[in-house]
Amino acid sequence: MKKQILRKINNFSKSNKYRNSIHQLIPGGAHTYSKGDDQFPILSPAAISHGKGAYVWDIDGNKYLDCSMGLTSISLGHAYEPVLDRVRAELEKGVNFQRPSVIEMETAEKFLSLVPQHDMIKFAKNGSIVTTAAVKLARAFTGRKLVAFPGDHPFYSYDDWFIGTTDCNKGVPNEFSELSVTFKSCDIDSLKQLFNKYPGQIACVICEPEKNTCSGCNCQQSPEVFLKEAIDLSHQHGALFIIDEMVSGFKSAFPGSMTKYGLKPDLATWGKGIANGFSFCALTGTKEIMELGGITNEGEEKVFLISTTHGGETHALAAAIATIDVFLNNSVIEHNQIIGNLFLTKCAELINKLEMNQYVDIIQCSWLPALNFRDKKGKISSAFRTLIMQEMFGQGVFFQGYLCPSFCHTPSDIDILIDALEGSLEVYKCALNEGIEKYLVGPEVKPVFRKHL
Ligand SMILES: Cc1ncc(COP(=O)(O)O)c(C=O)c1O
């Protein structure tokens with residue numbers, strides 16, 4: 001089969017114009033580096049005009065089945081009506097006032113009813129704000145400086161305490177990054193070594209509860225085992241434990257992995273899917289710690305926790321309430337994981353049929369299934385991932401190597417995805433045999449956290 005026959009989408013003319021001018025206006029051309037041009041092949045959309053359900057349309061009018069779902073923030077579907085209805089009603093009433101809107105209390109009660117381990121909550125517009133606030137609170141509570149996290153987890157915040165530890169650390173003074181120390185995820189001994197190396201100095205451990213790679217992890221144990229030990233160990237050493245449910249929240253379980261595994265972290269951070277793409281994130285925690293950020297304990301030193309003009313924007317809170325209600329009244333997690341499992345089963349059948357097991361790995365995670373792509377020598381290859389993206393876009397599927405299932409994805413969407421994947425893997429086979437240069441148009445995608453452009 002020839003790739004020319006497979007490709008349905010060839011017109012990226014408006015996208016090309018957009019690509020050529022956006023970098024003059026916006027550094028990076030986008031508002032997260034993960035949306036940037038260096039993360040996509042040339043033959044792909046540069047900007048999206050709108051989305052509905054599981055589909056998005058680019059500025060040239062091309063339609064795509066969406067597998068990425070707004071950096072995994074769209075848990076229900078694009079422009080999901082029950083959420084929009086609640087948001088519209090709130091918009092009519094105004095979005096920001098000089099005193100808190102009444103919806104703040106309603107949202108706080110609703111969210112906390114999902115997290116019985118925690119008593120108090122603060123809202124924010126971005127995940128980085130709540131993870132940074134959690135770190136600050138832990139430092140204030142313990143009077144210690146160091147923050148520990150798994151060095152092999154990709155992202156916790158765009159703030160200096162995290163970015164300073166990546167290759168992309170220009171602009172961050174060493175004095176800041178030296179306050180962050182790392183251990184190996186799932187490896188309790190490496191965390192023990194860290195506590196022994198810095199006795200009485202670590203304020204907190206912050207950690208994602210599980211990754212979609214956990215199922216195929218070398219550690220061969222459930223995340224629950226590590227997390228329970230890590231929480232106990234942190235407490236023995238007088239440090240707080242923060243679970244970052246930004247990605248796992250409203251996906252791995254409802255509300256998150258801490259429920260699934262029966263964990264009681266001191267603080268938890270939430271974002272992405274919890275308001276179906278609207279800008280609503282949250283920090284939850286126990287009263288003893290969270291109330292440090294309060295103003296009622298007269299005489300105590302004040303901790304300037306989260307304080308932002310837009311943190312309580314009413315329609316985003318309404319979106320969170322509506323999203324939570326949809327999750328409470330429907331089997332959203334079950335639906336999404338059925339879709340994820342269908343993708344996994346059909347991918348396995350396809351890869352077997354095409355005899356490509358040595359080139360394509362399947363990450364067996366029902367809530368965020370993914371594929372890894374390998375070159376002829378068996379090495380994980382971003383060039384081949386780029387080729388797959390290029391071919392999937394060409395067949396109307398917005399695919400970057402993973403599927404974020406939403407309540408709007410249907411089994412027939414998975415059929416569409418698998419058909420496109422079959423066509424793309426045929427091209428992949430040709431590229432393995434004849435050389436990737438012959439098939440990939442433009443450069444391969446680059447790592448987000450790289451030292452040089
Ligand atoms: C695990 C994790 N924590 C925190 C963040 C930061 O969230 P935001 O991009 O909303 O600032 C992200 C973003 O991808 C994340 O994946």
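Throughout, numbering of the chain's residues begins at 1 and tracks the sequence. Counting starts at 1 for both ligands and their atoms, following the listed order.
- Between E444 and S382, the side chains place a donor N or O and an acceptor N or O closer than 3.5 Å (distance only, hydrogens not considered).
- Annotation: side chain to side chain contact (heavy atoms under 4.5 Å, CB included) contacts of S49 (sequence neighbours excluded): W57, I59.
- No hydrogens or angles considered: a donor-acceptor pair under 3.5 Å links the side chains of E210 and S257.
- Partners of N62 under the side chain to side chain donor-acceptor pair (under 3.5 Å) rule, at least two apart in sequence or in another chain, are D58.
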Give one line per pair: atom of ligand 1, protein atom, distance. Only N/O to N/O under 3.5 Å.
from	atom 1	to	atom 2	distance (Å)
ligand 1	3 (N)	D244	OD2	2.6
ligand 1	10 (O)	G127	N	2.7
ligand 1	11 (O)	G127	N	3.3
ligand 1	11 (O)	S128	N	2.7
ligand 1	11 (O)	S128	OG	2.8
ligand 1	14 (O)	K272	NZ	3.1

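- Not counting sequence neighbours, the partners of A133 by the side chain to side chain contact (heavy atoms under 4.5 Å, CB included) test are L283, L305, I306.
- Checked options F398, F399, Y33; the residue passing with F40 is F398 (criterion: ring-ring contact (aromatic ring centres under 6.0 Å, His included)).
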